[in-house]
Amino acid sequence: MSLPFNVANHLDTVLRAVATKLGLADRGFQPEVRVADPANGDYQANGALAFAKREKLNPRALGQQIVDQLGGLQEHFDISLAGPGFINFRLRPATLLAWLQTYDSEEHLQAGAASARRGQTWIVDYSAPNTAKQMHVGHLRSAVIGEAICRLLAFSGAKVIRDNHIGDWGTQFGKLIWACKRHLDATALAGDPLEEFERLYKLGTKAAEADPAVLAEAQHELVKLQTGDAENLAIWKKINDVSLAAFQVIYGQLGIRFDVSLGESFYNDKVARIYRELTECGLAQESQGALVVFHPEHPRFKTQPFIIRKKDGAANYASSDLATVLYRAEHFKVDGAAYVIDFRQSDHMDQLFLTTRKWFEKTGRKLPQLEHVDFGTVLGGDGKPLKTRNGENIRLKDLLAEARERAFALVSGKNPDFPEAERRAIADVVGVASVQYADLSQNRSSDYVFAWDKMISLEGNTAAYLLYAVARIRSIFRKAGLDTGQPPVAGATAPESPQELALARKLGKFSDAVQLATGTLRPHFLGLHLYELAGAFSTFYAADKVIVDDPAVRARRLLLCHRTLVELEAGLHLLGLRTDLERM
RNA sequence: GCGAGCGUAGCACAAUGGAUAGUGUAGUGGCCUCCGAAGCCAUUGAUCCGGGUUCGACUCCCGGCGCUCGCACCA
């Protein structure tokens, strides 16, 4: 028997078969296979405890009964019954070696993982900045988390559509066009066009606030735009083109590439159908002049309306989001849609999903799995949303530039002898990766404190610590005159020392980490695995010399080094980080 | 007011109802004649309060307290 990519799933399958044989399955036995604390083994099955309790059986006797049926697993596992009825599985060293020999590259790891969601189509809605404004720190999390989720879903076999649902339509364009027609600075526009549009946007907003006549003019410009006025449409298009080009620079640095950018304007001509359908199926009603949806069974949404058409007859983001769900279901035929949007919009998302569920049910449509991938706020050291000293939003381009500068200073301090161009290249990787990883290494649901010192200090669970492990492994190969692409690992023996074993066992948990991160749409589970892997490597590296004379020992330690490199890189790539550095 | 989320060592975080609540940082004490010390080893220190469910609760339920966010036409 060859060992499967995900050992826990294999154990689950075997245990279910045993449960069937023992007549437990039809009474609801669940194996409950979990990754175990290393002190207890590699995996544990907890199912006997709950089942025995429910069926009034002795849990240890039941556990023993199950263990007695697991003879076929003895080749690969040391199996024991422990405590009140835990079944512990410890992989044998030879099995660890076999697993490591099989999963020897990023491609093979992916091949192993790709069965989980084969045949599924997912659309991921992330980033979604508004045009005419610079991307700022508030846009960071959606972009970074969204990209990681796309990669995780694709890795587990899904077809993924990356959709940038940009805010390219709305009432702000009235004020903006008003300002463009009166205050455009051609020189500034030629220099940094987005900067100029942002200035005009602020100017237009202020002017409209101060003077009702301006507001009226701006509203007129908006109506002209909406009714297809050629001049206003041209300005609008110019603004969007300029904005997208500026966004693209940021996306390039973050390793993001979208498949489609279907912004709000794309859905302009699709909202009338929403009003009609929702009214016809009895979900929508008039209230205070607006078209709204109430949910009588819901404690809050029975009185808090979901406004899908404003009293002035215009669409809003609810109408547009409903049209978007329909388009994704009809045109892309998605099985799932993940919305990477901050937690403050939870009410909106709840109302959107609730309404969609009822609407699709009434119209006989298949409902995709709808997931709000929410996330908290990026905070400053004062515990408030991160801003500049004068209270402005921090621009993403400035933030990323500072990250690279700080990384450059650090690399230069550590390795002043590296050529400057190389130090720059290293800083580009380390700086951006540090920002990305600071976000991805913790549970997305909570707010997080943005602290340069912690994220680039290179201590603890940081990108630099992981990349340092990558650099050290490359260094071992380089110094020994070996190629990481052709590791000389023939004749490797099974891991022996405690540090080799700990590292090998950690390597085998990659699949569990990917599965957990993907299943929960929480990338930090993968980050945590990579951090623990890098730690296990550092411990191994300090304890066991790799380049030794004994060919078998040398081959197996090189094998461990190589697989650590492969997994660290595969994992970091899954999180959207670059790893292309030889040394740092 | 109603609703949602969050309260874990000085600080920053982790824990898919499981075994002795993990890690980083800060503190203390060790380790470079040896493949990179941006490292390794050891050690001090925590579940907001009160009930409940469970063989077992940071996790689930109820009630407090505290912080954050949302609540009619911005997205």
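Here is how names work: the chains are called A, B, and so on, in the same order as the sequence lines, proteins then strands, and each is numbered from 1.
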Query raised in the report: Counting only Watson-Crick or G-U wobble pairs whose two distances fall under 3.5 Å, which nucleotide matches U53(B)?
Result: none
Query raised in the report: In terms of side-chain heavy atoms, does Gln172(A) have a donor or acceptor partner in Asn130(A) at a distance below 3.5 Å?
Result: no
Query raised in the report: Tell me, which of residues 29-46 of chain A have any heavy atom that sits under 4.0 Å from an atom in RNA chain B?
Result: Arg34(A), Val35(A), Asn40(A), Gln44(A), Asn46(A)
Query raised in the report: To the nearest angstrom, how far is Glu286(A) atom CD from A72(B) atom C1'?
Result: 14 Å
Report summary line: Judged by nearest nucleotide, the residue sitting upstream toward the 5' end of RNA chain B, Arg478(A) or Gln288(A), is Arg478(A)
Report task. Starting from C1' on C35(B), measure out to CG on Leu560(A) and report it in whole angstrom. Result -> 15 Å
Report task. May I ask you to check whether Asn316(A) and Ser319(A) show a side-chain donor-acceptor distance below 3.5 Å? Result -> yes
Query raised in the report: How many Å lie between CG on Leu526(A) and C1' on A14(B), as a whole number?
Result: 15 Å
Query raised in the report: How would you label the contact of Val449(A) with the nucleic acid (heavy atoms, under 4.0 Å): base, sugar-phosphate, or nothing?
Result: sugar-phosphate
Query raised in the report: Is there a Watson-Crick or G-U wobble partner for U33(B) with both distances under 3.5 Å, and which nucleotide is it?
Result: none
Query - Tyr317(A)/His165(A) under ring pair (Phe, Tyr, Trp, His ring centres under 6.0 Å): CA gap, chis, key distance, verdict - result: CA-CA 11 Å; Tyr317(A) 74 137; His165(A) 193 74; over 10 Å; no
Report summary line: Looking only at heavy atoms, the pair that brings Arg478(A) and Arg583(A) closest together is NH2-CB, 4.0 Å
Find every protein N or O atom lying less than 3.5 Å from an N or O atom of nucleotides 41-48 of chain B, and list the pairs.
| from | atom 1 | to | atom 2 | distance (Å) |
| --- | --- | --- | --- | --- |
| C41(B) | OP1 | Thr539(A) | OG1 | 2.9 |

**Report entry** Audit row: Tyr339(A), Asp321(A), side chain to side chain donor-acceptor pair (under 3.5 Å) steps and yes/no
**Finding:** CA-CA 11 Å; Tyr339(A) 293 75; Asp321(A) 280 353; over 6 Å; no
Report task. Output yes when Arg578(A) and Glu569(A) qualify as a salt bridge under the 4.0 Å nitrogen-oxygen rule, no when they do not. Result -> no
Dump every N/O contact between nucleotides 23-30 of chain B and the protein below 3.5 Å, one line per pair.
| from | atom 1 | to | atom 2 | distance (Å) |
| --- | --- | --- | --- | --- |
| U23(B) | O2' | Tyr531(A) | OH | 3.3 |

Query - Assigned partner base of U23(B), Watson-Crick or wobble definition, under 3.5 Å - result: A12(B)
**Report entry** Mate of U47(B) where both pairing distances stay under 3.5 Å, Watson-Crick or G-U
**Finding:** none
Query raised in the report: Which nucleotide, in any strand shown, forms a Watson-Crick or G-U wobble pair with G66(B), with both distances under 3.5 Å?
Result: C6(B)
**Report entry** Gap between atoms CG and P, on Asp447(A) and U8(B) respectively (whole Å)
**Finding:** 13 Å
**Report entry** Atom-pair distance (NE2 on His139(A); P on A75(B)), nearest Å
**Finding:** 14 Å
Can you pull every protein N or O that's under 3.5 Å from an N or O on nucleotides 1-5 of chain B?
| from | atom 1 | to | atom 2 | distance (Å) |
| --- | --- | --- | --- | --- |
| G3(B) | O2' | Arg300(A) | NE | 3.3 |
| G3(B) | O2' | Arg300(A) | NH1 | 2.1 |
| G3(B) | O2' | Arg300(A) | NH2 | 3.4 |

Requested in this report: Output, in order, the C-alpha distance, side-chain angles, deciding distance and verdict of side chain to side chain donor-acceptor pair (under 3.5 Å) for Arg90(A) and Ser80(A).
Outcome: CA-CA 9 Å; Arg90(A) 185 181 293 273; Ser80(A) 60; over 6 Å; no
Query raised in the report: Looking at NZ of Lys454(A) and CD of Glu459(A), how far apart are the two atoms once the value is rounded to the nearest 0.5 Å?
Result: 11.0 Å
**Report entry** Side-chain heavy-atom pair Val429(A), Thr579(A) within 4.5 angstrom cut-off
**Finding:** no
Query raised in the report: Which part of the nucleic acid does Asn443(A) contact within heavy-atom distance under 4.0 Å: base, sugar-phosphate only, or nothing?
Result: sugar-phosphate
Query raised in the report: Would you call the rings of Trp452(A) and Phe450(A) parallel, tilted or perpendicular, where under 30° means parallel and over 60° means perpendicular?
Result: perpendicular
Query raised in the report: Which part of the nucleic acid does Asn415(A) contact within heavy-atom distance under 4.0 Å: base, sugar-phosphate only, or nothing?
Result: base
Query raised in the report: Which whole-number value in Å describes the distance from Arg344(A) CZ to C69(B) P?
Result: 8 Å
Query - Between CG on residue Leu370(A) and CG on residue Leu354(A), distance to nearest 0.5 Å - result: 11.0 Å
Query raised in the report: Atom CD of Gln442(A) to atom P of C11(B): distance rounded to whole Å?
Result: 16 Å
Query raised in the report: So, Arg472(A) versus Ser538(A): side-chain donor-acceptor pair below 3.5 Å or not?
Result: yes
**Report entry** Arg424(A) NZ/CZ over Phe408(A) ring centroid, <6.0 Å and within 45° of normal
**Finding:** yes
Query raised in the report: Going by distance alone, is a donor N or O of one side chain under 3.5 Å from an acceptor N or O of the other, for Asn415(A) and Arg423(A)?
Result: no
Polar atom pairs between nucleotides 61-63 of chain B and protein, under 3.5 Å, N or O only, would you list them?
none

Query raised in the report: Taking CD from Gln304(A) and C1' from C69(B), how many angstroms apart are they, rounded to a whole number?
Result: 13 Å
Report task. Only pairs at least two apart or in different chains count here, so list each side chain to side chain donor-acceptor pair (under 3.5 Å) that has a residue in residues 542-553 of chain A. Result -> Ser497(A)-Asp544(A)
Query raised in the report: Can you tell me if the side-chain N/O atoms of His348(A) get under 4.0 Å from OP1 or OP2 in C74(B)?
Result: no
Query raised in the report: Within the structure shown, what part of the strands sits under 4.0 Å from Asp342(A) by heavy-atom distance: base, sugar-phosphate, or nothing?
Result: nothing
Report task. Verify the contact: side-chain N or O of Arg474(A) to OP1 or OP2 of C35(B), cut-off strictly under 4.0 Å; return yes or no. Result -> no
Requested in this report: For residues Leu530(A) and Leu575(A), determine if any side-chain heavy atom of one lies less than 4.5 Å from a side-chain heavy atom of the other.
Outcome: yes
Query raised in the report: Counting any heavy atom closer than 4.0 Å, what does Val292(A) reach on the DNA or RNA strands: base, sugar-phosphate only, or nothing?
Result: base
Query raised in the report: Is Arg141(A) close enough and on-axis enough to Phe375(A), meaning under 6.0 Å and within 45°, for cation-pi?
Result: no
Query raised in the report: Using atom C1' of each nucleotide, how far apart are C13(B) and G7(B) to the nearest Å?
Result: 14 Å
Query - Complementary nucleotide of C71(B), counting Watson-Crick and G-U pairs under 3.5 Å - result: G1(B)
Query raised in the report: Is the glycosidic angle of C32(B) within 90° of 0, making it syn, or outside that range, making it anti?
Result: syn
Query raised in the report: When we call it a touch if two heavy atoms are under 4.0 Å apart, what does Ala290(A) touch: a base, just sugar-phosphate, or nothing?
Result: base
Query raised in the report: Looking at His372(A) versus Phe343(A), is the centre-to-centre ring distance below 6.0 Å?
Result: no
Report task. Answer with base, sugar-phosphate or nothing: what part of the nucleic acid does Ala480(A) contact at a heavy-atom distance below 4.0 Å? Result -> nothing
Query - Pairing partner (Watson-Crick or G-U wobble, both distances under 3.5 angstrom) of U28(B) - result: A42(B)
Report task. Say whether, by atom type as modelled, one donor and one acceptor occur between the side chain of Arg557(A) and the main chain of Ile547(A) under 3.5 angstrom. Result -> no
